[in-house]
Every structure is written in C-alpha cells, then in structure tokens.
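Just below is one structure, and these are the notes that go with it.
Predicted model, so just to flag it, every value in this text is computed and none were measured. Computation of the quantities below employed the complete heavy-atom set of this structure, encompassing side-chain atoms and omitting hydrogens, waters and symmetry-equivalent molecules.
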Amino acid sequence: CGNLSNDSSFQKVAAIVGSALADGVLTEEEKASILAVIDSVLDVTEDGAEVVFDGRSFCLSGNFTHGSKAEVEQHITSRGGSILKSVTRKCDYVVVGELGSDAFSFGNFGAKVAKARELQDSGLPITVIPESGLY
C-alpha cells in the first residue's frame, strides 16, 4: 500500500472496508456500501453536469472524439471559456476525452483527473466531465 496510502480514492475504499470488517461480519448493507464507494471511485466523470462556459477555466485530458485538442479548445473559447494547460486551483472543469477512454472505467485515469480529485477532496468545486458534456 506504499504508493496508494496517499491516494484519496484508495483511502475512501480502505476506510469503508476497514469499518465494515471491524466486527468480523460483513452484512448485506456493508457490502452495498463498499460497492457504492468503489463505484464512485471508478466513475471519475460527472455525466450530465451543467457546463457554464463564460468566464470559466477548462483543462483538457485525453483524446477527443469531436476533433483535435485544438478544435475542442476552440469550441470552449468561442463560448467564453479559457484553457489551462494543467489542473490548478483556478480550474473549473477537467474535460476527459472520450476517444479510448475505456481505461477510465477500470480506474486508470490520468494525472489531471487525479489532481482534480485531490482538489475536490480539499473542498474546491472542480467538475470532471466527459467530452460529450461540452456539446
């Protein structure tokens, strides 16, 4: 657990599993709670989140079905949004490209999404959305 001990997603799963197993009995409710936490960790995007472009900052991650990164950036800036090259405290949205993003369903998301999750855990309102959320 050396590398995972500082990962907030791992900490959430470890906490719920530890709590559920503390008495040596795993109830159906505890199983459901564990599965819900694991599901939330694996689902990194907030499908259906309302996107406000004007005055908001976006960071792009991955490859996009709607065109090149430059084309997606143009789509965002033409609607009043700005582009950040990395996830910072000023970032409003991290947009995950949907081309080849099956790996995300197995928890293999990139550093930008991991950074966004870390900032979310510290209370910042960063939204991680799939590329389709822009269109």
For [Y], is there any backbone N or O sitting under 3.5 Å from a side-chain donor or acceptor partner on [X]?
X   : Y    : answer
D92 : S57  : yes
E98 : P130 : no
K69 : F64  : no

Quick one, [X] and [Y] - any side-chain contact, counting heavy atoms below 4.5 Å?
X    : Y    : value
L134 : F53  : yes
V72  : L60  : yes
E118 : K115 : yes

How long is the span from the [atom1] atom in [X] to the [atom2] atom in [Y], to the nearest 0.5 Å?
X    : Y    : atom1 : atom2 : value
I76  : E71  : CD1   : CD    : 12.5 Å
I83  : E73  : CD1   : CD    : 5.0 Å
C91  : F58  : SG    : CZ    : 8.5 Å
K85  : C59  : NZ    : SG    : 8.5 Å
I126 : L119 : CD1   : CG    : 4.0 Å

Decide side-chain contact (heavy atoms from CB on, under 4.5 Å) for Q74 and T77; before the verdict, give the C-alpha distance in whole Å, the side-chain angles of both, and the deciding distance to 0.1 Å. CA-CA 5 Å; Q74 172 58 35; T77 57; 3.9 Å; yes

Atom of S61, atom of V94 and distance for their closest heavy-atom approach: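 Heavy atoms only, the tightest pair is CB-CG1, 4.4 Å.
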
Between L26 and A20, what is the shortest heavy-atom contact and its length? CD1-CB, 3.8 Å

Could you see if L84 belongs to whatever hydrophobic cluster contains Y93? Use Ile, Leu, Val, Met, Phe, Trp, Tyr and a side-chain cutoff under 4.5 Å.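 Different hydrophobic clusters.
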
According to a 4.5 Å side-chain heavy-atom criterion applied to Ile, Leu, Val, Met, Phe, Trp and Tyr, with indirect links allowed, do V25 and V17 form part of one hydrophobic cluster?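 In one cluster: no.
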
Answer with yes or no whether the side chains of H66 and E131 bring together a donor and an acceptor at under 3.5 Å.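 There is such a pair (donor and acceptor under 3.5 Å, judged by atom type) between the side chains of E131 and H66.
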
